[in-house]
Amino acid sequence: MIESMPTLDLVFGSLSDPVRRDIVRRVAGKELSVSEVAEPYSMSLAAVSKHLKVLERAKLVVKRRQGKQLMVGLAPDAFTDASDFLDFYKTFAVENMNSLEHFLKKEQDDALN
């Protein structure tokens, strides 16, 4: 049985689209108005708004009103759950690489003796 992790499913699902990944990259560290977010893409403002809704539902971006403009920024804890999830596999990979390195060194030492 596959265990669903709703928050992670939304995060990774939303980041499966290159436009949404690029939007997240662009709003990391600075807020942009929705029209500034839309500038580099050859798509309608409505299409960009749909991408923003997906990112907002995944809690990767937040919007706030500033005067007449709607500003978009990276959510404060945007990648906390995803980072925790990936850290587990990073630890696993590092441990396996250390074991492989140890094995290869032992094989090399045995071959020299």
Side-chain angles (χ1 to χ4, degrees):
M1 180 173 170
I2 297 173
E3 181 181 345
S4 177
M5 302 171 81
T7 303
L8 288 178
D9 294 347
L10 286 173
V11 168
F12 289 124
S14 68
L15 293 174
S16 67
D17 184 282
V19 171
R20 292 193 288 261
R21 285 194 306 271
D22 192 56
I23 290 171
V24 168
R25 180 191 59 78
R26 293 182 56 236
V27 299
K30 64 179 176 183
E31 280 187 321
L32 298 174
S33 69
V34 171
S35 58
E36 289 173 323
V37 169
E39 275 178 12
Y41 310 112
S42 56
M43 61 179 69
S44 69
L45 195 57
V48 171
S49 291
K50 285 182 181 177
H51 283 298
L52 289 172
K53 283 183 182 176
V54 172
L55 292 170
E56 198 173 17
R57 190 176 50 220
K59 299 181 180 174
L60 293 174
V61 300
V62 291
K63 295 179 193 168
R64 69 174 183 87
R65 185 149 302 276
Q66 181 177 322
K68 291 183 178 182
Q69 292 187 321
L70 193 56
M71 304 300 290
V72 179
L74 191 65
D77 296 328
F79 291 101
T80 301
D81 290 341
S83 178
D84 291 346
F85 176 79
L86 293 173
D87 280 348
F88 169 78
Y89 292 101
K90 181 179 173 184
T91 301
F92 178 76
V94 167
E95 288 173 2
N96 281 333
M97 288 304 292
N98 288 339
S99 295
L100 178 61
E101 184 178 333
H102 178 75
F103 173 78
L104 292 174
K105 179 155 178 37
K106 185 177 180 319
E107 289 290 314
Q108 186 178 27
D109 290 345
D110 290 346
L112 292 175
N113 293 326

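The main-chain N or O of T80 is never found under 3.5 Å from a side-chain atom of D77 such that the two would form a donor-acceptor pair.
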Side chains of residues 84-99: which donor-acceptor pairs under 3.5 Å do they make with residues two or more places apart or in other chains?
{"unit_1": "T91", "atom_1": "OG1", "unit_2": "D87", "atom_2": "O", "d": "3.0"}
{"unit_1": "N98", "atom_1": "ND2", "unit_2": "V94", "atom_2": "O", "d": "3.4"}
{"unit_1": "S99", "atom_1": "OG", "unit_2": "E95", "atom_2": "O", "d": "3.2"}

Counting only pairs under 3.5 Å, give me each side-chain donor-acceptor contact of residues 104-113, with atom names and distances, residues two or more places apart or in other chains.
{"unit_1": "K106", "atom_1": "NZ", "unit_2": "D110", "atom_2": "OD2", "d": "3.3"}
{"unit_1": "N113", "atom_1": "ND2", "unit_2": "D109", "atom_2": "O", "d": "3.1"}

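Counting all heavy atoms, side chain and backbone alike, L10 lies closest to A58 at O-CB, 3.5 Å. Nearest heavy atoms, R26 versus E36: NH2-O, 2.9 Å. Listed here is the closest heavy atom pair of G73 and E31: CA-CG, 4.1 Å.
Tested against V54 for a side-chain contact (heavy atoms from CB on, under 4.5 Å), the candidates R57, H51, K50 yield a single pass: R57.
Residues V11, L15, V19, I23, V24, V27, L32, V34, V37, Y41, M43, L45, V48, L52, L55, L60, V61, L70, L74, F79 make up the rest of the hydrophobic cluster containing V72, defined by ILVMFWY side-chain heavy atoms closer than 4.5 Å, directly or through other members.
Shown here is K59, whose NZ atom has no more than 12 heavy atoms of other residues, nucleotides or ligands within 6.0 Å.
To the nearest 0.5 Å, the span separating CD on Q66 from OG on S33 amounts to 9.5 Å. A distance of 7.5 Å separates OG in S16 from CZ in R21, rounded to the nearest 0.5 Å.
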